[in-house]
K.L.:
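Could you have a look at this structure, given as C-alpha cells, before my questions?
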Amino acid sequence: MPLPGWGNSRGPAMTSQVLGGGATKDPTAVERANLLNMAKLSIKGLIESALSFGRTLDSDYPPLQQFFVVMEHCLKHGLKVRKSFLSSNKTIWGPLELVEKLYPEAEEIGASVRDLPGLKTPLGRARAWLRLALMQKKMADYLRCLIIQRDLLSEFYEYHALMMEEEGAVIVGLLVGLNVIDANLCVKGEDLDSQVGVIDFSMYLKNEDDIGNKERNVQIAAILDQKNYVEELNRQLNSTVISLHSRVDSLEKSNTKLIEELAIAKNNIIKLQEENHQLRSENKLILMKTQQHLEVTKVDVEAELQTYKHSRQGLDEMYNEARRQLRDESQLRQDVENELAVQVSMKHEIELAMKLLEKDIHEKQDTLIGLRQQLEEVKAINIEMYQKLQGSEDSMKEKNEIIARLEEKTNKITVAMRQLEQRLQQAEKAQMEAEDEDKKHLQECQSKSDSLQKQISQKEKQLAQLETDLKIEKEWRQTLQEDLQKEKDALSHLRNETGQLISLKKEFLNLQDENQQLKKIYHEQEQALQELGNKLSESKLKIEDIKEANKALQGLVWLKDKEATHCKLCEKEFSLSKRKVRLAIIESIYLHKLHIPFCHLASTPQ
C-alpha cells in the first residue's frame, strides 16, 4: 500500500516532485527512501516523547499510534498479491507468521494473537502481533530473523520491496532503540480490523507556539505527576495495611486450626498407645500359648519317635525271619526240582505240570523282589522321617479318609491273592488228572505252596499297615508346619504394628517442633506488624506536612528568568545562580519530607 501523496508504480511524477525533480530515479527506490525517512522520524519522536513523558505508554498515545501506522506501511511495501478463485489477498500476516518457525520464542505471540476473540481479518492479527512484540521489546529481533531469510521472504515480497533491500536492515537497526520504552497496550478492547492507517505529518512539523505550549504542558505534567505519585504512595500504604491485617487474620485462623489439629493428634496418639498396650498384652498371651503348644507337641513327637523305633525294630526282626524262610524254601525248591527231573523220563504229562508250577513260582519270586524293593523304600522313608519330623496334632477326619483309601487298597490286594489261589487250584487239578501215581508228592508240594502263600499274604498286610502309618505321620507333619507358619505370620504382623507406632511417635514429635516454630514466626510477625503500624503513623504525619506545603505553594508561580529582576520578599537583586541555589534547597526539603529519591519524580515543583 503506497503512502498517500507519495506516488507508486502508476504515478512516478509525484515521487519526482517530492525529491525536487529528476524523473530518471527509480520510483520504488524513492518510495523506500521516503519510508525510511518517515520511520526515522517516527522512531526518534516516539523515543524522545516517551522519555520526556516519563511513564508507561498506553494505546491512546499519538506518537505510538503513528509509529504503528508507519511500520504497517513499511511492511506492506512490495507485497505480492495472492490470488485465489474468489478474491485476492495482500496482507502482512503471512510473513509475520514465518517468525514462529525461525524464532521459537515467538510461538507465544502467535498463539495469543490467534486466541484473541475480536480479530477476524489477517490485517488485525498483524497489528496485534506488532503491539505484542513492542511490549515484549523483541520487535527488532523478530524482524531481523525475517530479513536474514530472504529466500522465504521472496514468496511474499517483490524483489524491489523495502524488506528485501538495505533499507529494511536500517529500519530493524533503528527498532533496537525502542527497547528503552515501556508500553502497556490493551489489545483485546481495540478494533484493530477496521482501523485506517493514515500518517499525520503535523506531528513532525514544529512551530514556536507549539514549543511554548509543550514547555507549559511539561510543567503541568510534572506537577500532576508529583501529585499522582503522592496519591499512589498513599494508596499503596493503605493497601499494605489492609493486606497486613488480612495476613494477621489468616495467621490467627491457621494458628487455631493447628491447635485443633494438635489436639486431634494428641487424642489419636493416646488411642494408639492404648491399642499398643492391648496388642502387647495379646502378643504376650499368644507367645505363652504357642510355647505351651510347642511343649505339648514336643512331648507327643518324642513319644511317637519311641513308638516308631520299637515298631521299626519289630519290622527288622520280621524282615530277617522272612529272609531265612525264603532261603529254606529256595533249598526245598531245589530238592523238589531235582526229584521232578528224575521223574521227567517217566511221564511227559508230569513235566508239563511241573512247568506250570515253575511259572507260578517265578511269579511269586517277582512278588518277593517287589516286596524287597518296597522294604528298601520304607527304609528311605524312615530316614526322611528322622530328618523332617516336627510333631503336632491333626484332625481325625483326614485319618478316616486315609484309612478308607487304605482299606480299598487292601481289598484290591486280596482280590489279586484270590486270583492267584484260583490259578494254583487249577494247576493242582491238572496234576491230579495227569498223575495218579505221584499224588502224594504233589500234595506235599501243594501244602508247601499254601504255607508260602499264607506267609506272603501276611507280609503284604504288614507292609500295607506300615505304609498307612507313614502316610499318617506325613500328614501330621504338614499340619504342624502350617500351624508354625501361621504363628510366624502373626508375629511378623505384630512387629509391623510396633514399627508403625514408633513412626507415629516420630511424626508427633515433628509436629510439636513445627508448632513451636510456627509460634515463633507468629510472635515475630506480630512484632513486625507493630513496627509497621508505627512507621505508618509516622508516614501519615509526614504526608499531612507535605499536603500543607503543597497548599502553601499552590498560589505561587515561578517567573521566567527574563522577568525576575528582584526578590519579592527581601527585594534583593535576582540572578540565575541564586535561583538555582533556592531550587536546590526547596528540592532537598521537599524530598526529605517525602523520603523518596529525586529520580522517581518527573521534574521539580515550580
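Residue numbers run from 1 in the order of the sequence given.
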K.L.:
Looking only at heavy atoms, which two atoms of L175 and L143 are closest? And how far apart?
P.N.:
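Looks like CD1-CD1, 3.4 Å.
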K.L.:
Any heavy-atom pair between the side chains of N255 and L518 that's under 4.5 Å?
P.N.:
no
K.L.:
Parallel, tilted or perpendicular for W129 and Y142, by the 30°/60° rule?
P.N.:
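Tilted, since the angle between the ring planes falls between 30° and 60°.
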K.L.:
Can you tell me if E108 has over 12 outside heavy atoms packed within less than 6.0 Å of its CD?
P.N.:
no
K.L.:
Heavy atoms only: give me the nearest A140-V172 pair and the separation to one decimal.
P.N.:
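Looking at all heavy atoms of both residues, the shortest contact is O-CG1, 3.5 Å.
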K.L.:
Would the number of heavy atoms belonging to other residues, nucleotides or ligands and lying under 6.0 Å from CZ of R114 be above 12?
P.N.:
yes
K.L.:
Begin with the C-alpha distance, continue with both residues' side-chain angles, and end with the deciding distance and a verdict on salt bridge (charged side-chain N to carboxylate O under 4.0 Å, His left out) for K257 and E261.
P.N.:
CA-CA 6 Å; K257 287 180 182 178; E261 289 176 356; over 6 Å; no
K.L.:
For a side chain to side chain contact (heavy atoms under 4.5 Å, CB included) with L185, tell me which candidate from L132, D60, L64 qualifies.
P.N.:
L64
K.L.:
Are any of the side-chain nitrogens in E467 or K471 under 4.0 Å away from the carboxylate oxygens of its partner?
P.N.:
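Looking at K471 together with E467, the answer is no, because their closest N to O distance does not fall below 4.0 Å.
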K.L.:
For the backbone of N234 and the side chain of N238, can you confirm whether one donor and one acceptor N or O come within less than 3.5 Å of each other?
P.N.:
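Here the side-chain-to-backbone pair exists.
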K.L.:
If every non-hydrogen atom of C145 is compared with every non-hydrogen atom of L102, which pair is closest and at what distance?
P.N.:
O-CD1, 3.7 Å
K.L.:
Distance alone, cut at 3.5 Å: any donor-acceptor contact between the side chains of Q306 and H310?
P.N.:
no
